[in-house]
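Accompanying notes for the structure given below.
For reference, positions follow the sequence shown, starting with 1. Only a predicted model underlies this, so the values are computations on that prediction, with no experimental measurement involved. Worth knowing before you read on, the calculation uses all heavy atoms, side chains too, and leaves out hydrogens, waters and symmetry mates.
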Amino acid sequence: MRIGILGTGPMTRALGTGLIGAGHEVVIGSRDPARAERLSDELHASAGVDHRTAAGSDVVIVAVDDRAVLDVVGAIAPVLDGVVLIDLNNPIDPPHWESRYAGGASLAERIAAAAPRARVVKAFNTIYAERLTDRAGADPEPEGGPVQVFIASDDEPAKAIVAGLAEAIGCLPIDVGGLRVARHLENLTGFEVDLVARGFASYVGVRLLAG
């Protein structure tokens, strides 16, 4: 599968490494194509290009600064028709790490409005890049189980595609419902980041336990 990742930050590096290792073609896009090209060379990705070119993929992962997400998606919306669009961003700010959209539509829902023909899925937003990096090449069945990826979308086939990508990089996908559930997921990340900010741990990940 051809996967475009928009952005050159830690999550692009972590997901790009895992997806390339799983045999997928990864194209990294940035507003600065030269930066994308440098990271592509480092990860052995297919190419480093601009946002619009990277968006011409089967799946697009949006991993840019959360304040720029809607502008980026709006600018490339015409090339996102039928594309599975993964939103892993969180609109949270210090000092309390609460969602800027609390009480209203989530960032994922706003993305769906900005690109109405895209198949928007909220996923990977509750995971620190370090958790994915630390798992690379490790025991496929670690103590406590694999990293859980919560997936929310109104598009069931799109959720299945994202679940497959999560499994391919050694994670456990969990379908948590429709896209509206992204409101809970974004708030959940705020809770995780707040714990880290207060020195609880270097990074935090919430797990669901059957019981």
Side-chain angles (χ1 to χ4, degrees), residues 4-15 29-32 35 51-52 54-55 59-78 80 83-132 147-155 158-159 162 166 174-208:
I5 308 181
L6 310 186
T8 56
M11 282 299 286
T12 295
R13 185 183 298 275
L15 287 173
S30 172
R31 61 183 178 181
D32 180 356
R35 183 186 304 168
H51 287 148
R52 189 179 185 89
V59 175
V60 173
I61 302 172
V62 183
V64 301
D65 184 284
D66 62 272
R67 290 184 181 274
V69 168
L70 293 177
D71 287 339
V72 169
V73 171
I76 63 174
L80 293 174
V83 172
V84 175
L85 184 65
I86 301 175
D87 167 35
L88 54 70
N89 305 280
N90 294 292
I92 54 177
D93 294 312
H96 302 296
W97 304 106
E98 296 170 348
S99 172
R100 293 193 296 276
Y101 303 134
S106 65
L107 178 57
E109 291 169 287
R110 293 164 195 260
I111 289 173
R117 295 185 182 277
R119 305 165 66 189
V120 179
V121 180
K122 190 78 176 186
F124 298 104
N125 75 297
T126 61
I127 303 170
Y128 273 76
E130 291 88 345
R131 294 191 74 203
L132 296 177
V147 173
Q148 295 181 347
V149 177
F150 304 141
I151 301 174
S153 179
D154 297 328
D155 186 318
K159 278 199 283 192
V162 177
I174 298 180
D175 183 343
V176 294
L179 196 61
R180 185 184 175 95
V181 177
R183 303 181 187 194
H184 298 313
L185 295 180
E186 291 172 6
N187 287 324
L188 176 59
T189 302
F191 171 65
E192 293 179 344
V193 174
D194 185 54
L195 289 176
V196 172
R198 290 189 285 114
F200 185 82
S202 57
Y203 57 83
V204 172
V206 171
R207 294 186 59 82
L208 296 183

Shortest non-hydrogen separation from Thr12 to Ala63 and the atoms involved
OG1-CB, 3.7 Å
Separation between CZ of Phe150 and CG of Asp175, rounded to the nearest 0.5 Å
12.0 Å
Heavy-atom closest pair (Asn89 atom, Asn125 atom, distance to 0.1 Å) is O-CB, 4.2 Å
Not counting sequence neighbours, which residues clear side-chain hydrogen bond (donor to acceptor under 3.5 Å, both in side chains) with Ser106? List them please.
Glu109
Do Gln148 side-chain atoms and Leu208 backbone N/O form a donor-acceptor pair below 3.5 Å?
yes
Minimal heavy-atom distance between Leu179 and Ala112, with the atoms involved, is CD2-CB, 3.9 Å
How far does CD1 of Ile61 sit from CE of Met11, to the nearest 0.5 angstrom?
8.0 Å
Looking at Asp93 and Ser99, would you say the former's side chain and the latter's main chain have a donor-acceptor pair under 3.5 Å?
no
Backbone N/O of Gly178 and side chain of Ser153: donor-acceptor pair under 3.5 Å
no
Quick one: side-chain hydrogen bond (donor to acceptor under 3.5 Å, both in side chains) partners of Arg13, sequence neighbours excluded?
Glu42
Going by salt bridge (Lys or Arg N to Asp or Glu O under 4.0 Å), name the residues that satisfy it together with Glu192, two or more places apart in sequence or in a different chain.
none
Verify the neighbour count for atom CZ of Arg100: are there more than 12 heavy atoms of other residues, nucleotides or ligands below 6.0 Å?
yes
If you look at every heavy atom in Ala123 and Val162, which pair is closest and at what distance?
CB-CG1, 3.8 Å
Contacts of Val83 that satisfy side-chain contact (heavy atoms from CB on, under 4.5 Å) - sequence neighbours left out
Val60, Leu80
Quick one, Glu186 and Arg183 - any side-chain contact, counting heavy atoms below 4.5 Å?
no
Does some side-chain heavy atom of Ile76 sit less than 4.5 Å from a side-chain heavy atom of Leu6?
yes
Calculate, to the nearest 0.5 Å, the distance between atoms CG and NZ belonging to Leu85 and Lys122 respectively.
10.5 Å
Quick one: are Leu88 and Thr126 in side-chain contact, heavy atoms under 4.5 Å?
no
Worked verdict on Ile86 versus Val59 for side-chain contact (heavy atoms from CB on, under 4.5 Å):
CA-CA 7 Å; Ile86 301 175; Val59 175; 3.8 Å; yes
Which atoms form the tightest heavy-atom contact between Leu185 and Ala152, and what is the distance?
CD1-CB, 4.1 Å
Please determine whether a side-chain nitrogen of the Lys or Arg among Arg110 and Asp87 lies less than 4.0 Å from a carboxylate oxygen of the Asp or Glu.
no
I'd like to check Val176 versus Ile151 (side-chain heavy atoms, cut-off strictly below 4.5 Å). Are they in contact?
no
Under 4.0 Å between a side-chain nitrogen and a carboxylate oxygen: does that hold for Arg198 and Asp194?
yes
With sequence neighbours left out, what residues match Arg31 under salt bridge (Lys or Arg N to Asp or Glu O under 4.0 Å)?
none
Please tell me if the side chains of Tyr128 and Val193 come closer than 4.5 Å, counting only heavy atoms from C-beta onward.
yes
Just jot down the salt bridge (Lys or Arg N to Asp or Glu O under 4.0 Å) partners of Asp71, sequence neighbours excluded, or say none.
none
4.5 Å side-chain heavy-atom contact, Pro78 and Arg52
yes
Test your reading of the model: is there a side-chain donor-acceptor pair from Asn90 to the backbone of Ile92, 3.5 Å cut-off?
no
Salt bridge or not between Asp154 and Lys159? Use side-chain N to carboxylate O under 4.0 Å.
no
How close do Ala158 and Val84 get, heavy atom to heavy atom, and via which atoms?
CB-CG2, 4.1 Å
Considering only heavy atoms from C-beta outward, does the side chain of Asp155 approach that of Val120 to under 4.5 Å?
no
